[in-house]
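Data first, discussion second: the structure below is written as structure tokens.
Everything numeric in this text was worked out from a predicted model, so none of it was measured. Just follow the structure's listing: the first ligand is 1, and inside any ligand the first atom is 1.
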Amino acid sequence: MNNSEIAKIFREIADILEVREIPHKPQAYRRAALALEGLEEDVADIYAKGGKRALEEIPGIGKSLAEKIEEFLLSGKIKKYEELKKELPVNLEELTQVEGLGPKRVYVLYKKLGIKNLEDLEKAAKEHKIAKLEGFGPKSEENILQGIEFLKKSKGRIPLGVVYPIVQKVKKVLSNLKEVKKIEVVGSFRRRKETVGDIDILVVTSNPEKVMDVFCSLEGVVKVWGRGPKKASVHMKEGFDMDLRVTDKESFGASLQYFTGSKAHNIAVRKIAISKGLKLNEYGLFKGEKKIAGATEEEIYQKLGMQVPPPEIREDQGEVELALKHQLPKLVELKDIKGDLHVHSNFDGGVDSIETLALKAQELGYQYLGISDHTKFLRIERGLDEKQLEEERKEIDKLNLKFKKIGFKIFQGAEVNILRDGTLDISDKALAKLDYVIAGVHSNFNMSEKEMTARIKRAMKNPYVTIIAHPTGRLIQKRESYNFDFEEILKTAKATNTILEINSSPERLDLPDKYIRFCVEQGVKLVINTDTHHWQHLRYMELGVGQARRGWAKKEDIINTYSTSEIEKVFKLKRKNAN
Ligand code: DGT
Ligand code: CA
Ligand code: CA
């Protein structure tokens, strides 16, 4: 789309003008970039209909910028940009990604050392050329090298499951300070995106100095990138950055809204504000000079005539339109979950006894627990054969007798392997004795799309297969999903009443969010499971619920929000065609 392409050029022009210390103009270009990103219609269409005059009518675009847009539309180029670029012919986007490098410093590095890209930058730093530059010194050289390392190592992103427990702890330490009045972790973390670039934290405090001190000396902080009166930025030993921003009470809601993002959502919301003659930024919602909302997120959305979209769906994927119509779905919540159906016990080499796992599940308020130990094929993990499954059944029956009076039930399941041809690694006769069955692909990932689709479909057609485990097989940042036709899988799941799993394990989060949304739209039921191998993994449920919410899942889409008797009906429905 022309709009984002031109916006990018405008931002770069702004950067170069800033380097040349030209006043005001950079701001005008940045404002125009924002305006362009906020447009629904392509500027080419606007221009086709109304010419240059119509471009000038776009808020934030004046006469001279309208001319530049016209020039781009007609020639594919902007002369002014080409000229400016000659002055700073470097990869600005790449270089400014290095923490602490803004356009001005990039300019100095180019003028003095001819640095044009990340490679040049690393070479110069390693040769200690940067340390000698005025305004840099050994410290910023070291910073630059560390910044490059980080960019290279993690491509800048880190799985949510890795940062999750660390961030929870940081939040707790900071909220325990008496100086902290309000705190929220915002950005992609609040949206529960499966990987995060960095962590953004917002606080309202009576004593910013004190909070910054604590923040910069938190356990796990290996580097302080920078620290000012309102913002600090640190690097954690696990390889990610955290930003802390101080805001005041009256602006907290506006900052919450702004820094939660996503950027695309914010652009769409700001457009609505503009359409109502209002202005929205991180300080508040304004009518002219007058602030009409800002302290809470609720009042901001309310004044815009909107419901508050849950953070997990703020991706400009239709939530803004529905929020305006007050038709947002009610998403599943952690408190709706009544049990976990993918749990390994010490019967297949896991850590905990079934009894321990059941007691931990009861502590979480669950009404049932499904034990799903591996069957035969995975003998490496001590997979169970028919006889061992019978022994396990006895143990479960014994415990169920004991738990009956408190209304808690253990289901016996199993995690069976889907073999190359789509058959399972254990007989139907053995499966018939279980309450439910999870089937998954654990080997031979490299098949053609056609073969893999046929393989999984055949497994789903087995009347004893209740759930397909981690349906895409991907491992976050480690392994791509195998090739298969998800639409076909959806159709078969629906036709056979097979449930698809949202596996909450931090390295999986499988299904991915967009697939969850397809399931929800098609009425294919889902289950949120933890794949627990140690009782502490039961806590991963929270990650799975976040993932389900990102996929717009409601309570009724998720079978483990059902009561014990309702879920038994789901198990039976699948088996109705078994003989
Ligand atoms: P990340 O860190 O890459 O996983 O993603 P976010 O969404 O946390 O992005 P980040 O950390 O760059 O910024 C946090 C939020 O701040 C972002 O979600 C929306 C808001 N924000 C940042 N820059 C802009 C911007 O240029 N325009 C608008 N409208 N919002 C922005
Ligand atoms: Ca972030
Ligand atoms: Ca950030």
Side-chain angles (χ1 to χ4, degrees), residues 3-4 7-8 10-12 14-15 18 26-27 29-39 59-60 93 96-99 102-103 150-151 154-164 166-167 170-171 184-203 225-226 230-236 238-245 247 251-274 278-285 297 300 304 309-317 319-320 476-477 509 513 546-547 550:
N3 300 11
S4 50
K8 197 170 156 245
F10 280 4
R11 284 223 165 80
E12 206 160 318
D15 283 346
E18 191 172 284
Q27 268 323 91
Y29 276 100
R30 292 202 177 109
R31 207 165 39 238
L34 274 178
L36 287 174
E37 285 168 338
L39 286 177
E93 204 181 353
T96 51
Q97 263 177 22
V98 179
E99 185 71 34
F150 174 50
L151 274 182
S154 54
K155 282 181 255 102
R157 303 197 72 77
I158 190 157
L160 177 67
V162 173
V163 299
Y164 200 82
I166 306 163
V167 172
V170 166
K171 187 176 175 188
E184 196 58 71
V185 183
V186 288
S188 49
F189 183 88
R190 186 165 179 233
R191 305 198 312 279
R192 299 292 187 262
K193 222 177 140 166
E194 63 191 34
T195 63
V196 299
D198 68 356
I199 295 298
D200 308 276
I201 305 173
L202 268 185
V203 290
W225 293 117
K230 295 248 158 202
K231 192 185 159 186
S233 181
V234 299
H235 189 65
M236 303 295 285
E238 292 81 3
F240 64 95
D241 287 350
M242 297 199 300
D243 292 343
L244 179 78
R245 285 187 183 79
T247 171
S251 306
F252 184 69
S255 291
L256 205 56
Q257 198 284 325
Y258 182 88
F259 290 109
T260 295
S262 67
K263 204 167 148 182
H265 173 85
N266 287 355
I267 288 171
V269 173
R270 218 163 32 223
K271 230 161 54 184
I272 289 164
I274 292 166
L278 306 171
K279 195 180 83 186
L280 177 65
N281 57 31
E282 68 260 53
Y283 304 105
L285 182 65
E297 222 175 36
I300 288 175
L304 292 171
E312 293 91 339
I313 63 169
R314 295 188 197 170
E315 300 288 350
D316 193 22
Q317 300 280 333
E319 79 284 1
V320 173
I476 292 173
Q477 290 182 338
L509 288 179
D513 47 16
Q547 182 81 348
R550 285 188 62 82

Closest to atom 17 (C) of ligand 1 by heavy-atom distance, out of G261, S255, P311, is G261
For V196, the atoms of ligand 1 under 4.0 Å from one of its heavy atoms are 4 (O)
Counting from 1 in the order shown, the ligand 1 atoms closer than 4.0 Å to a non-hydrogen atom of R191 are 7 (O), 18 (O)
_Close N or O approach (G197, ligand 1; < 3.5 Å)_ = yes
Residue set satisfying ring pair (Phe, Tyr, Trp, His ring centres under 6.0 Å) with Y29, at least two apart, ordered chain then number -> F10
Would you say R270 and ligand 1 have an N/O pair spaced under 3.5 Å apart? yes
For D200, the atoms of ligand 1 under 4.0 Å from one of its heavy atoms are 8 (O), 11 (O), 14 (C)
- Examine ligand 1 and decide if any of its atoms is less than 4.0 Å from a heavy atom belonging to H265. no
F259 heavy atoms within 4.0 Å reach ligand 1 at atoms 14 (C), 15 (C), 16 (O)
**Request:** Return yes if a side-chain donor-acceptor contact under 3.5 Å exists between S262 and R314, otherwise no.
**Result:** no
The answer for which part of T260 has a heavy atom under 4.0 Å from ligand 1 is backbone
inquiry  = Between ligand 1 and K263, can you find any atom pair, the residue atom being a heavy atom, that is separated by under 4.0 Å?
reply    = yes
Any heavy atom of Y258 under 4.0 Å from ligand 1? The part involved is both
With side chain to side chain contact (heavy atoms under 4.5 Å, CB included) as the criterion, how do V185 and D200 come out once you've worked through the C-alpha distance, each side chain's angles and the decisive distance to 0.1 Å?
CA-CA 6 Å; V185 183; D200 308 276; over 6 Å; no
- Can you tell me if E319 uses its side chain to pair, donor with acceptor, with the backbone of Q317 under 3.5 Å? yes
So the atoms of ligand 1 within less than 4.0 Å of a heavy atom of G187 turn out to be 8 (O)
Checklist line | Under 3.5 Å donor-acceptor, S251 side chain and Y283 backbone | finding: yes
Check: Are side-chain N/O atoms of D241 and H235 paired as donor and acceptor at under 3.5 Å?
Finding: yes
- request: Assess D200: does it contribute an N, O or S atom lying under 3.0 Å from the Ca ion (ligand 2)?
  value: yes
Quick look: D198 vs ligand 1, heavy-atom contacts under 4.0 Å, and the answer is both
For the Ca ion (ligand 2), the nearest N/O/S atom on D198 is atom OD1
Any donor-acceptor pair under 3.5 Å from S188 side chain to V196 backbone = no
Note: E297-R190 ion pair, threshold 4.0 Å (strictly below):
yes
*Do any N/O atoms on R157 end up under 3.5 angstrom from N/O atoms on ligand 1?*
yes
Salt bridge (Lys or Arg N to Asp or Glu O under 4.0 Å), that's the test. Do D15 and R30 meet it? Break it down for me.
CA-CA 9 Å; D15 283 346; R30 292 202 177 109; 2.8 Å; yes
Requested in this report: Examine R191 relative to F189 and say whether NZ or CZ is less than 6.0 Å from the centre of the six-membered ring and inside a 45° cone about the ring axis.
Outcome: no
*asked:* What I want to check is whether the side chains of H265 and E315 have a donor and an acceptor closer together than 3.5 Å.
replied: no
- Determine whether any heavy atom of I199 lies closer than 4.0 Å to an atom of ligand 1. no
